[in-house]
Amino acid sequence: MPNAKMFKALNEQITFEYYSSYMYLSMSAFFADLGLPGCSHWMRLQADEELLHAHKFFDFLLNRGEKVILQGIETPPNTWKDALDAFQATLKHEQLVTSRINALVELAFTSKDYASHTFLQWFISEQVEEESTVTNIISQLKLIKGDGHGLLLIDRDLGLRQAGTTTDTPA
Ligand code: FEO
């Protein structure tokens with residue numbers, strides 16, 4: 001039988017997804033200020049995507065007849081050393097998200113809450129994709145070793161990201 005601990009954890013994940021969105025929105029502003037509109041665009045779409053994640057948890061709880069209790073959102077950082085530093089912070093954050101999703105899956109399993117377990121499978125796949133995409137961007141940023149021309153090319157590519165995708169280059 002689903003338990004209170006499971007629903008509390010799912011509620012907390014709503015807030016965490018909102019924090020993720022807030023952090024990427026902050027990065028979007030940082031990149032705009034830096035004169036990298038493509039990176040800013042990529043982060044803006046990332047922020048939008050995190051809101052969709054939050055709303056998936058929101059809708060799931062409501063569909064289960066559970067109470068949604070929204071909590072305060074922590075203030076995100078507002079500056080990073082450079083583009084590489086910001087994307088490394090993104091990867092670190094996504095790895096934290098992955099560990100949280102894994103903990104939720106474990107809790108669903110031990111609670112025998114099979115509906116939550118099934119619901120969370122989408123997030124497992126999503127995290128593999130998110131970590132992979134950001135790892136590729138970091139590799140490209142490392143390859144150019146701070147070269148301005150290379151950075152502008154990466155920025156141009158990231159500016160081609162379309163809503164609903166996490167890919168760093170167009171399909
Ligand atoms: Fe909601 Fe980027 O994971």
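The residues of the chain are indexed from 1 along the displayed sequence. Atom set for the values below is all heavy atoms of this structure, side chains included, hydrogens, waters and symmetry mates excluded.
Residues Leu70 and Leu10 fall within the same hydrophobic cluster, defined by Ile, Leu, Val, Met, Phe, Trp and Tyr side chains chained together at heavy-atom separations under 4.5 Å. Under a hydrophobic clustering in which Ile, Leu, Val, Met, Phe, Trp and Tyr are joined whenever their side-chain heavy atoms come within less than 4.5 Å, directly or via other members, Leu36 and Leu25 fall into different clusters. Tracing side-chain contacts under 4.5 Å through hydrophobic residues (I, L, V, M, F, W, Y), one reaches Ile73 starting from Met23; they form part of the same cluster. Cluster membership for Leu153 and Ile144, using ILVMFWY side-chain heavy atoms within less than 4.5 angstrom, is not shared. When the side chains of ILVMFWY residues are joined at heavy-atom separations under 4.5 Å, either directly or via intervening members, Val68 and Leu104 end up in a single hydrophobic cluster.
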* To do: Tell me, with the steps shown, if Glu49 and Arg161 meet salt bridge (Lys or Arg N to Asp or Glu O under 4.0 Å).
  => CA-CA 12 Å; Glu49 193 169 280; Arg161 178 176 175 181; 3.3 Å; yes
Could you walk me through whether Gln46 and Glu130 pass the side-chain contact (heavy atoms from CB on, under 4.5 Å) test, one step at a time?
CA-CA 10 Å; Gln46 191 69 12; Glu130 294 223 336; 3.2 Å; yes
Next on the checklist: Test side-chain contact (heavy atoms from CB on, under 4.5 Å) on Asn78 and Met27; report intermediate values, then the result.
Outcome noted: CA-CA 7 Å; Asn78 56 42; Met27 283 186 180; over 6 Å; no
TODO: Using the side-chain contact (heavy atoms from CB on, under 4.5 Å) rule, take Asn11 and Lys8 through it: C-alpha gap first, then chi angles, then the decisive distance, then the call.
DONE: CA-CA 5 Å; Asn11 252 300; Lys8 181 171 179 287; 5.6 Å; no
| Can you list the steps and then say if Cys39 with Phe30 is a side-chain contact (heavy atoms from CB on, under 4.5 Å)? | CA-CA 9 Å; Cys39 292; Phe30 165 76; over 6 Å; no
(Q) For a side-chain hydrogen bond (donor to acceptor under 3.5 Å, both in side chains) check, start with the C-alpha distance between His93 and Tyr19, then their side-chain angles and the critical distance, and finish with the verdict. (A) CA-CA 11 Å; His93 184 75; Tyr19 173 76; 5.8 Å; no
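Put simply, the side chain of Ser28 gets close to the backbone of Ser40: a donor and an acceptor are under 3.5 Å apart. Side-chain N or O atoms of Ser26 include one that pairs as donor or acceptor with a backbone N or O of Pro77 at under 3.5 Å. Between the side chain of Glu129 and the backbone N or O of Ser125 there is no donor-acceptor pair closer than 3.5 Å.
Distance CG/Asp157 to CG/Leu152: 11.5 Å, rounded to 0.5 Å. Atom CD1 in Ile14 sits 9.5 Å away from atom CD1 in Ile69 (nearest 0.5 Å). How far CZ of Arg100 is from CZ of Phe16: 5.0 Å, rounded to the nearest 0.5 Å. Residue Leu107 holds its CG atom at 5.0 Å from OG1 of Thr110, rounded to the nearest 0.5 Å. Atom CD1 of Ile137 is separated from atom CD of Gln88 by 12.5 Å, given to the nearest 0.5 angstrom. A distance of 8.5 Å separates CD of Glu106 from NE2 of His117, quoted to the nearest 0.5 Å.
Looking only at atom types and distance, the side chain of Asn3 has a donor-acceptor partner in the side chain of Ser111 under 3.5 Å away. For His53 and Glu126, the side-chain atoms include at least one donor-acceptor pair closer than 3.5 Å. A side-chain N or O of Thr98 and one of Gln127 form a donor-acceptor pair less than 3.5 Å apart. Between the side chains of Glu17 and Gln13, at least one donor-acceptor pair of N or O atoms lies under 3.5 Å.
For Arg64 and Phe7, the positive end is not near the middle of the six-membered ring at less than 6.0 Å and at most 45° from its axis.
Between Trp42 and Phe87, the gap from one ring centroid to the other is short of 6.0 Å. Residues Phe109 and Tyr114 place their aromatic rings such that the two centres sit no closer than 6.0 Å.
Across Pro76 and Tyr22, no two heavy atoms sit closer than the pair CD-CD2, 3.5 Å. The shortest heavy-atom contact between Lys142 and Leu84 is CG-CD1, 4.0 Å. Residues Ala89 and Trp80 share a closest heavy-atom pair of CB-NE1, 3.8 Å.
Side-chain atoms of Leu158 and Met43, non-hydrogen and from C-beta on, never get closer than 4.5 Å to each other. Residues Leu120 and Phe57 meet the side-chain proximity criterion, which asks for heavy atoms closer than 4.5 Å. Contact annotation: the side chain of Leu151 never approaches that of Asp155 to less than 4.5 Å [non-hydrogen atoms, C-beta and beyond]. Side-chain atoms of Val97 and Ser20, non-hydrogen and from C-beta on, do get closer than 4.5 Å to each other.
Asp48 is linked by a salt bridge (charged side-chain N to carboxylate O under 4.0 Å, His left out) to Arg44, counting only residues two or more places apart in sequence or in another chain.
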